[in-house]
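Notes to accompany the following structure.
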Protein chains: 2
Amino acid sequence: MSNRASPQAPPQGVRGHTEAPKREPHVGCDGCLARHLSVCASLPQEETRDLEAAAGKLRLPAGATLAREGAPRREVYTVTSGMLRQVRVLADGRRLVAGFLQAGDFIGLTGSTLHRHTIEAISDTALCAFPLQGMRALCERHPELGAGVLDHAFHALDASETNQMALARMTPLERLAGFLLDMARRQHQRGGEEDRVELPMTRADIGDHLGLTVETVSRSFTRLRREDFVHFDDPHHIELRAPDRLRALVQSTG
Amino acid sequence: MSNRASPQAPPQGVRGHTEAPKREPHVGCDGCLARHLSVCASLPQEETRDLEAAAGKLRLPAGATLAREGAPRREVYTVTSGMLRQVRVLADGRRLVAGFLQAGDFIGLTGSTLHRHTIEAISDTALCAFPLQGMRALCERHPELGAGVLDHAFHALDASETNQMALARMTPLERLAGFLLDMARRQHQRGGEEDRVELPMTRADIGDHLGLTVETVSRSFTRLRREDFVHFDDPHHIELRAPDRLRALVQSTG
DNA sequence: CGCCCGCTTGAGCTCGCTCAACAACAGTGG
DNA sequence: CCACTGTTGTTGAGCGAGCTCAAGCGGGCG
């Protein structure tokens, strides 16, 4: 066996309690913080009426489960705030975190009628929900929307292959450095500070994303800190001290 | 360093000589062996005129390079016969084989104006080529075609994440077993025998796909053979002796 | 207050990598 | 025709990076 099976997350929620996801009517795309990042951006401002009509707003507390691997899909989502993880689990508990979803990210990049991941909120999260049916109709009426979905699929594919390279051929330190740079870039796009990364997920989540154990993730953080690549007191708020030196660590092909 | 850098393939071709790719006029989709598998299948038989008009036929000898990572993209392709590999390389030579392409597979699943992979023919290969421009026009005229591309992107994404799970959390034996089963399934869809797999690629290619060294791939084959999961004399023609026992090895979530 | 969870650190071991050798084979050139 | 060379696949021996096991610390929550 290559890796210890992570202890399964509790079947529901975290911190003992599980609030049910809260549904609210959609309030309009105009003030949406994620609009410029999401598939919705492929539609001009004036043509969001159709979207708004179909959309529902959804709030998930940290630890809540949005969807289970293998369960039927009824909706697609756009994340407006917070963070979620997409998880696949083997029968014996070995876990892969396929990705972390943030504002603007799209949930529903599959042709399957079933969910391909279990999707869990890491922090308190808000989403826009669109029924699958309505989505199909919307895409026919607004081809740009379909193009937007395709574009997100292409990006997801590229990210997935980049992570394959990390998993297949890079050292723990390189994987973690690459991960931090990627998260920093994405959070900077979303208005975060350039050299700060928020990591609300646990070290186990990061490990299951990078193909490492918790211990190796922790040790790699310690090494990055000791050599002054990063600084942190709280393990969930990382300051990148030398992004360029970090980039040199990852030495990609560009 | 996690892995030895594979010696770079010769810049052009293999076996000393490199024939230039041969271009021929497209002869029509009717007799195409890959039609039912490819994006072209999303168009009804009668509406292939447009496709045929735009298409060119391309033949590559084994070892030839179709595209280089980072080079500008001008066309998309559908594979009609043979096999190719999609490769990404780091500056120091560490290599990832992102996938093996066979009849019906689509080349061009990216929104980038540049190629995301170096693409090399493993065996003699035939492709249909469509200029990028024409493709856009075709997709607007036939929305089903765009949907077909989206569907291929979804499948590629799923395959990529399945491989991520293998790379992150599975043993060499499990990775190889999963790989053989996947190749067998795909070749069976294409009319191959159910329990035979053709592996024209080298052990190094398989290693760079599964995140292993040549030696470990070879040893894993030997183990599978010793325990009668597979049988082979020629390392490129594998007979699966007990697909069900192999599947049990891979114990997925379904 | 006590328990549990998450993070970190240490000690030791194992599995897959590194290094090395060899056989089989194909292509090359004398 | 055969010696020579380079490539591919296989196997062995040994090593070290990352995993396993174990312990401790701090914070949050009941």
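Atoms considered below: every heavy atom in the structure, side chains included; atoms not considered: hydrogens, waters and symmetry mates. A, B, ... follow the sequence lines: proteins, then strands. Residue 1 opens every chain.
Remark: B:T222 is in phosphate contact with D:dT11, judged by side-chain N or O atoms under 4.0 Å from OP1 or OP2. When the side-chain nitrogen and oxygen atoms of B:R203 are compared with OP1 and OP2 of D:dT10, one or more of them lie within a distance under 4.0 Å. Distances shorter than 4.0 Å separate some side-chain N or O of A:T216 from OP1 or OP2 on D:dC19. Remark: B:T213 is in phosphate contact with C:dC17, judged by side-chain N or O atoms under 4.0 Å from OP1 or OP2.
Among all heavy-atom pairs drawn from A:P61 and A:A121, the shortest one is O-CB, 3.6 Å.
With sequence neighbours left out, the side chain to side chain contact (heavy atoms under 4.5 Å, CB included) criterion links A:R219 to A:E215. By the side chain to side chain contact (heavy atoms under 4.5 Å, CB included) test, B:V214 is found to be paired with B:R203, B:A204, residues two or more places apart in sequence or in another chain being considered. By the side chain to side chain contact (heavy atoms under 4.5 Å, CB included) test, B:T110 pairs with B:R73, B:S112, B:R116, sequence neighbours left out. Residues meeting the ring-ring contact (aromatic ring centres under 6.0 Å, His included) test with A:H209, sequence neighbours left out: A:F100, A:F179. Residues meeting the side chain to side chain contact (heavy atoms under 4.5 Å, CB included) test with A:H155, sequence neighbours left out: A:D151. Remark: B:E194 engages no residue in a salt bridge (charged side-chain N to carboxylate O under 4.0 Å, His left out) (not counting sequence neighbours). Residues satisfying the salt bridge (charged side-chain N to carboxylate O under 4.0 Å, His left out) criterion with B:D244, sequence neighbours excluded, are B:R247. Residues forming a salt bridge (charged side-chain N to carboxylate O under 4.0 Å, His left out) with A:R185 (at least two apart in sequence, or on another chain): A:D182.
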**Report entry** B:L246 vs B:V250, side chain to side chain contact (heavy atoms under 4.5 Å, CB included): CA-CA, chis, key distance, verdict
**Finding:** CA-CA 7 Å; B:L246 268 181; B:V250 185; 5.8 Å; no
Query - Worked verdict on A:R88 versus B:D158 for salt bridge (charged side-chain N to carboxylate O under 4.0 Å, His left out) - result: CA-CA 11 Å; A:R88 289 189 185 191; B:D158 198 47; 2.6 Å; yes
Residues 221-231 of chain B, side-chain donor-acceptor partners within the protein, below 3.5 Å, at least two apart:
residue: B:T222; atom: OG1; partner: B:S218; partner atom: O; Å: 2.9
residue: B:R225; atom: NH1; partner: B:F232; partner atom: O; Å: 2.8
residue: B:D228; atom: OD1; partner: B:R241; partner atom: NH1; Å: 2.9

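When the C1' atom of D:dT10 is taken as reference, atom CG of B:L212 falls 16 Å away, rounded to whole Å. Protein atom CG of A:D205 is 15 Å distant from nucleotide atom P of C:dC5, rounded to whole Å. Distance, B:R225 CZ to D:dT11 C1': 12 Å, rounded to whole Å. Rounded to whole Å, the distance from CE on A:M201 to C1' on C:dC5 is 18 Å. As a whole-Å value, the separation of A:L167 CG from D:dC19 P is 12 Å. Rounded to whole Å, the distance from CZ on A:F221 to P on C:dG6 is 16 Å. Between B:I206 atom CD1 and C:dG16 atom C1' there is a gap of 17 Å when expressed in whole angstrom units. Rounded to whole Å, atom P of C:dC15 lies 19 Å from atom CG of B:L210.
Proximity of residues 230-240 of chain B to DNA chain D (heavy atom under 4.0 angstrom from any strand atom) is restricted to B:F232, B:P235, B:H236.
Counting non-hydrogen atoms under 4.0 angstrom, B:T202 reaches the backbone sugars and phosphates but no base. In this structure, A:G207 reaches neither bases nor backbone, as no heavy-atom distance under 4.0 Å exists between it and the strands shown.
Comparing the helix axis at one end of the helix from C:dC1-D:dG30 to C:dG30-D:dC1 with that at the other, each defined from 5 consecutive pairs, gives an inter-axis angle of 30° (nearest 10°).
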Do any N or O atoms of the protein come closer than 3.5 Å to N or O atoms of nucleotides 22-25 of chain D, and which pairs are they?
none

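In this model, a side-chain donor or acceptor of A:R219 finds a partner on the base of C:dG10 within 3.5 Å.
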